[in-house]
Amino acid sequence: MNNQELWQRYQDWLYFNKDLSLYLDVSRMRFNEQWVTAMEPQFSQAFKYMANLEQGAIANPDENRRVGHYWLRNPDLAPEELKNEILNNLERIEEFAHKVIKGSIHPPKAPLFTDILSIGIGGSALGPQFVDDALAADFPPLSIHFIDNTDPAGIDRILIRLKDRLKSTLVIVTSKSGGTPETRNGMLEVKHAYEQQGLNFPAHAVAITMLGSKMDELEHIEGWLTEFSMFDWIGGRTSEMSSVGLLSASLLGIDIRSLLEGAREMDAATRLPEIKRNPAALLALSWYYAGNGKGEKDMVVIPYKDSLLLFSRYLQQLVMESLGKEKDLDGNTVHQGLAVYGNKGSTDQHAYVQQLREGVANFFAIFIEVLQDRKGESIEVETGVTSGDFLSGFLQGTRQALYENKRDSITITISQVTPRTVGGLIALFERAVGIYASLVNINAYNQPGVEAGKKAAETLLDLQRKILVVLKAADRPLNLDELAEKAGASNQIEHVYKIVRHLAANQRGIELHGDHAKPCELTILYG
């Protein structure tokens, strides 16, 4: 196409949401009108599917669960028995945050809480991290820190930084079931750190969990500061508008009502059963086209704003955990998915844009543009040009350079980064994921691969316990074959070797003797 034709295509396909000041440009995706027309029957089914989901249909048949994250921002849509529960929970969050910030709720040995230590994994961490990083003020009422892994060194880094302020740190522990190993481990490590300083951990601890969970029971037994509800019908990757995300955001002074309002406005916009007038449908259409309905191309998300740095990381879970499935809804093996990666512009100009422009054409890009450079005026770094002008120029130039070399892209533009626009972005991608999942006939709301990984880990930890029993009872050093046989794991020698190697590296009483380049010749001793 020549420039005039591209300009016309841009106007034909431009979506604008006046309430959120959000633009969506899919003109640099190369689908044609005939292809879109052929897709309309599939979209008609997808629109009906999403409507049924919001009305409370079972959307996750694997767990016989409804999916109700849309109800969190518009409780009037929720089943009557849930409406008051949603509203009351929101009011409790706001009241608690207000009292913490003002100091009427404070730790036993300090007049105010100064810090938050948030312990969670996956959706219990990624959403809060993104929103808090995007929207927290330069000097928020409290500082926030995250333990989002079961890495001992990573936990130590956080605890060392907090050492002198642990007495004024509020700990938020988030686990739906209360039994997630990574979160439990983090909680036990932090609890130990409090005890080492002679501090009363329960007086600093807040639980976010489901009623009746293991954590709910522990919170009641130990007398934690308070507890906020997680709902059975909210999945981790769509939990940012629940207690999971709203509590920390509220404690940081972020306007959570505006966050919810932005999501609610986007929800209304993405209900329209017309592709061109529905921004989530336009996204899903573009994803389907780019990857031939099979995820054949990756999605590279490049926000041109430092405050949106974590958006691509947040989207990795939302998109990849939702769409990465082996089976479709009919039980057929389909191996669906859509890989997501990204950093930020213009950093990416000096990182991997070279490959995007001239390397393997196995991707499409999503640029996130923010019109407002900063609050206030900018100096000119060159005659007539500011730093923000450079940023905008790099975005437009990269978009053009990619298109010229047959690399497709989408551009989402917002006026500024605010709670309303961030809420709108989250809701936009949530709905796009749901629509796309319907187009490719998969369940976007389960995660069997994650569960498989957890079960495999549990099996290996059971094997570790058996290995330790065998070694403690042995009256002489054992080689790997002997150890594996005695532990009932003769067909798992590699696992046995990696377990004892790890134990030996961590002062667990295990010694390895021999040539470490030849594992089969090692002898293992417990001493």
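Predicted model, so just to flag it, every value in this text is computed and none were measured.
- Relative ring orientation between His69 and Tyr445 is described as tilted, the plane-to-plane angle lying within the 30° to 60° band.
- When ring centroids are compared, Tyr288 and Phe43 stay outside the 6.0 Å threshold.
- Here salt bridge (Lys or Arg N to Asp or Glu O under 4.0 Å) pairs that include residues 409-425, with residues two or more places apart or in two chains, are Glu261-Arg420, Glu265-Arg420.
- Ring-plane geometry between Tyr10 and Trp7 is classed as parallel, the angle between the planes falling under 30 degrees on a 0 to 90 degree scale with a further cut at 60.
- The shortest non-hydrogen separation linking Asp12 to Lys276 is O-NZ, 3.5 Å.
- Heavy atoms only, all atoms of each residue included: Ile442 and Lys327 are closest at CG2-O, 4.0 Å.
- No more than 12 heavy-atom neighbours from other residues, nucleotides or ligands sit within 6.0 angstrom of CZ on Arg157.
- In this structure, the separation between CG on Asn443 and CD on Gln336 is 13.0 Å, given to the nearest 0.5 Å.
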Notebook entry, point to check: Can you list the steps and then say if Phe228 with Phe96 is a ring-ring contact (aromatic ring centres under 6.0 Å, His included)?
Noted result: CA-CA 10 Å; Phe228 293 95; Phe96 177 80; 5.5 Å; yes
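- For the pair Arg65 and Phe231, the NZ or CZ position fails the cation-pi test of under 6.0 Å to the six-membered ring centre and within 45 degrees of the ring normal.
- In summary, the aromatic rings of Phe429 and Tyr314 are positioned with their centroids too far apart to meet the 6.0 Å limit.
- Ion pairing between a basic and an acidic side chain is recognised when a charged N comes within 4.0 Å of a carboxylate O; Asp115 and Arg161 show no such pairing.
- The environment of CG in Asn3 is sparse: at most 12 heavy-atom neighbours from other residues, nucleotides or ligands sit within 6.0 Å.
- Evaluation of the salt bridge (Lys or Arg N to Asp or Glu O under 4.0 Å) test over residues 366-390, restricted to residues two or more places apart or in two chains, returns none.
- For His98, the NE2 atom is loosely surrounded, since the number of other residues' heavy atoms within 6.0 Å does not exceed 12.
- Within 6.0 Å of CZ in Arg30 there are more than 12 heavy atoms belonging to other residues, nucleotides or ligands.
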Next item on the list: Check the pair Lys99, Glu95 against salt bridge (charged side-chain N to carboxylate O under 4.0 Å, His left out), reporting the backbone distance first and the verdict last.
Entry: CA-CA 6 Å; Lys99 289 180 177 179; Glu95 181 182 5; 3.2 Å; yes
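- Remark: Phe363 engages no residue in a ring pair (Phe, Tyr, Trp, His ring centres under 6.0 Å) (not counting sequence neighbours).
- Summarising the local packing, OH of Tyr352 is surrounded by more than 12 heavy atoms from other residues, nucleotides or ligands at distances under 6.0 Å.
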